[in-house]
Amino acid sequence: MHAGGAARLRTVTLAVLTLSLTAAATGCGNDSGGQSGEVTVGIALPTTKQTRWIADGNNMEKLFKEQGYKTDKQYAEDSVEKQVEQVEAMIDRGDKLLIIGAVDGFELGDALQKASRAGVKVIAYDRLLLGSSNVDYYASFNNYKVGELQARYIIDKLGLKKGGNAGPYNIELFAGDANDNNVRGFFSGAMDTLNPFIEDGQLEVPSKQTRLSQVTTFKWQADIAQETMTTRLNDFYKGSSTVDAILAPNDGIARGLIKALKKDDYGTTAKPMPIITGQDAETESVNEIIAGEQSMTVYKDTRKLAEVAVKMAQDILSGKQPEINDKTGNDNGNKVVPAYLLAPVSVDKSNYKKLLVDSGYIKASDLD
Ligand code: BGC
């Protein structure tokens with residue numbers, strides 16, 4: 001090889017080296033998505049109080065690791081300030097992409113702007129990030145459908161038909177945290193389904209608490225819902241009047257409500273448990289479903305959500321267009337965020353084995 005050839009080879013080698021270093025740093029140019037630990041993805045999740053978020057975090061971590069990414073996972077334990085700090089620290093540490101399950105969808109605007117300035121893409125995880133243009137994608141479940149499934153269950157179990165004259169049955173309504181955007185979806189899905197029966201008198205709400213602003217539960221806290229239920233039982237269920245159904249937005253709150261009901265002697269032949277809905281298919285609640293205390297839950301396979309989010313992240317990091325299935329339905333007040341929404345599934349005593357145990361979501365040995 002003559003001198004000119006060697007020089008050219010050196011230039012080519014250098015160019016290739018520079019290219020691959022750039023690729024490693026930006027996360028681009030590797031079809032398998034594997035970046036040998038050079039790229040870190042920040043995973044900011046709201047809380048460990050509901051076990052689903054622990055599963056979400058672990059599932060994503062595992063999948064990212066398998067693809068050669070590093071992860072930087074933080075839980076904010078329902079504190080907005082803590083989450084803002086965590087997200088900003090992720091950007092400062094050089095995390096290349098952020099996956100955020102917000103404590104409060106509105107409160108991360110400045111941190112998201114900081115991310116955008118640093119060229120860090122953001123995926124809103126499960127809960128839409130609101131009011132900011134710096135949200136790139138959204139991965140979640142169809143939250144309206146969650147509420148619809150809960151309400152449909154109540155209607156079917158009470159045997160209500162449009163135009164019928166059953167009842168009147170007494171129902172009480174509960175919702176999650178006012179600052180969680182999903183709560184609007186859950187509640188409208190439920191109320192669009194329940195309202196016709198409230199209007200035609202087949203359902204009655206003795207407490208008259210029917211508006212979202214009247215029924216939200218601060219930070220989804222089960223003990224607060226329990227106290228509210230106790231107050232409603234004392235104030236509106238005197239004498240022989242009993243509650244027939246409760247719209248409980250998730251499993252944690254359902255368990256709180258069950259405690260209040262049991263203290264009021266529900267769960268006996270004389271005073272059977274009302275129909276109580278739920279969400280998340282948490283092991284503790286599936287055990288309550290088996291025991292006949294909670295009636296149903298809405299199963300959202302967090303393994304699938306983690307897969308969607310990780311795939312989105314990989315695509316973004318390698319310069320590909322992530323797959324979405326909802327282009328128009330997720331307006332965050334500033335932009336319509338392209339989304340991939342999964343379907344939730346209604347689970348009760350009749351199908352929990354097939355859906356939750358056979359699929360490996362819950363271990364048979366963890367059930368009573
Ligand atoms: C999630 C639910 C969860 C609730 C409380 C919602 O945003 O979609 O699955 O039960 O937050 O953590």
Side-chain angles (χ1 to χ4, degrees), residues 43-60 75-80 82-83 99-108 123-130 138-150 174-190 212 215-226 247-257 276-286 288-289 294 296-306 308-309 330 332 337 339-347 356 361-362:
I43 303 174
L45 292 171
T47 184
T48 52
K49 288 221 183 73
Q50 285 84 31
T51 51
R52 65 150 293 180
W53 299 111
I54 303 174
D56 288 272
N58 292 345
N59 290 335
M60 281 193 276
Y75 286 94
E77 301 311 348
D78 289 316
S79 155
V80 170
K82 199 166 179 176
Q83 189 163 54
I99 295 184
I100 305 176
V103 170
D104 180 329
F106 272 115
E107 294 293 331
L108 286 162
I123 298 174
Y125 186 83
D126 195 73
R127 298 174 175 174
L128 188 57
L129 292 158
L130 302 168
Y138 176 41
S140 187
F141 290 86
N142 181 333
N143 294 310
Y144 183 89
K145 183 91 191 159
V146 169
E148 220 176 41
L149 290 175
Q150 294 167 334
F174 286 81
D177 187 79
N179 296 326
D180 175 349
N181 184 56
N182 288 351
V183 167
R184 272 174 282 283
F186 301 150
F187 198 68
S188 23
L212 178 59
V215 300
T216 52
T217 308
F218 182 66
K219 296 194 173 172
W220 289 90
Q221 285 177 23
D223 48 348
I224 295 182
Q226 180 182 343
L247 175 74
N250 77 347
D251 286 351
I253 287 182
R255 293 197 298 272
L257 300 176
I276 306 174
T277 61
Q279 169 178 197
D280 292 336
E282 291 186 351
T283 306
E284 238 184 292
S285 278
V286 176
E288 301 213 350
I289 290 174
Q294 188 172 322
M296 63 87 74
T297 185
V298 176
Y299 167 41
K300 305 191 300 184
D301 191 339
T302 48
R303 297 169 300 186
K304 287 198 183 140
L305 186 59
V308 168
N330 299 281
N332 79 348
V337 185
Y340 195 99
L341 303 184
L342 291 161
V345 181
S346 183
V347 170
L356 303 176
Y361 197 72
I362 292 184

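One-based numbering, in listed order, for ligands and for the atoms of each.
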*Report the part of Arg52 in contact with ligand 1, treating N, CA, C, O as backbone and CB onward as side chain, heavy atoms under 4.0 Å; options are side chain, backbone, both, neither.*
side chain
*Pull out every atom of ligand 1 sitting under 4.0 Å from any heavy atom of Phe186, numbered as shown with elements.*
8 (O)
_Nearest non-hydrogen protein atom, atom 8 (O) of ligand 1_ = Asp126 OD2, 2.7 Å
_Pair Arg52 + Asp126: basic N to acidic O under 4.0 Å_ = yes
_Any N or O of Asn143 closer than 3.5 Å to N or O of ligand 1_ = no
*Got a donor-acceptor contact below 3.5 angstrom from the Gln294 side chain to the Val286 backbone?*
no
_Considering non-hydrogen atoms of the protein only, which is the closest contact for atom 12 (O) of ligand 1, and what is the distance?_
Gln50 OE1, 2.7 Å
_Per-atom contacts, ligand 1 versus Asn250 - under 4.0 Å to a heavy atom_ = 5 (C), 10 (O)
*asked:* I'd like to know if Lys300 contacts ligand 1, where contact means a heavy-atom distance under 4.0 Å to any ligand atom.
replied: yes
*So is there a nitrogen or oxygen of Thr47 less than 3.5 Å from a nitrogen or oxygen in ligand 1?*
no
_Under 4.0 Å, counting heavy atoms only: does Phe141 come that close to any atom of ligand 1?_
no
*Note the single closest protein heavy atom to atom 6 (C) of ligand 1, along with its residue, its atom name and the distance in Å.*
Asp180 OD2, 3.2 Å
*Gap separating the CZ atom of Arg303 from the CG atom of Asn58, nearest 0.5 angstrom*: 13.5 Å
*Report yes if the side chains of Asp177 and Phe218 come closer than 4.5 Å at any heavy-atom pair, otherwise no.*
yes
*Nearest protein heavy atom with distance in Å, relative to atom 10 (O) of ligand 1*: Asp280 OD2, 2.5 Å
*Which protein non-hydrogen atom lies closest to atom 11 (O) of ligand 1, naming both residue and atom, and how far is it?*
Arg127 NH2, 2.8 Å
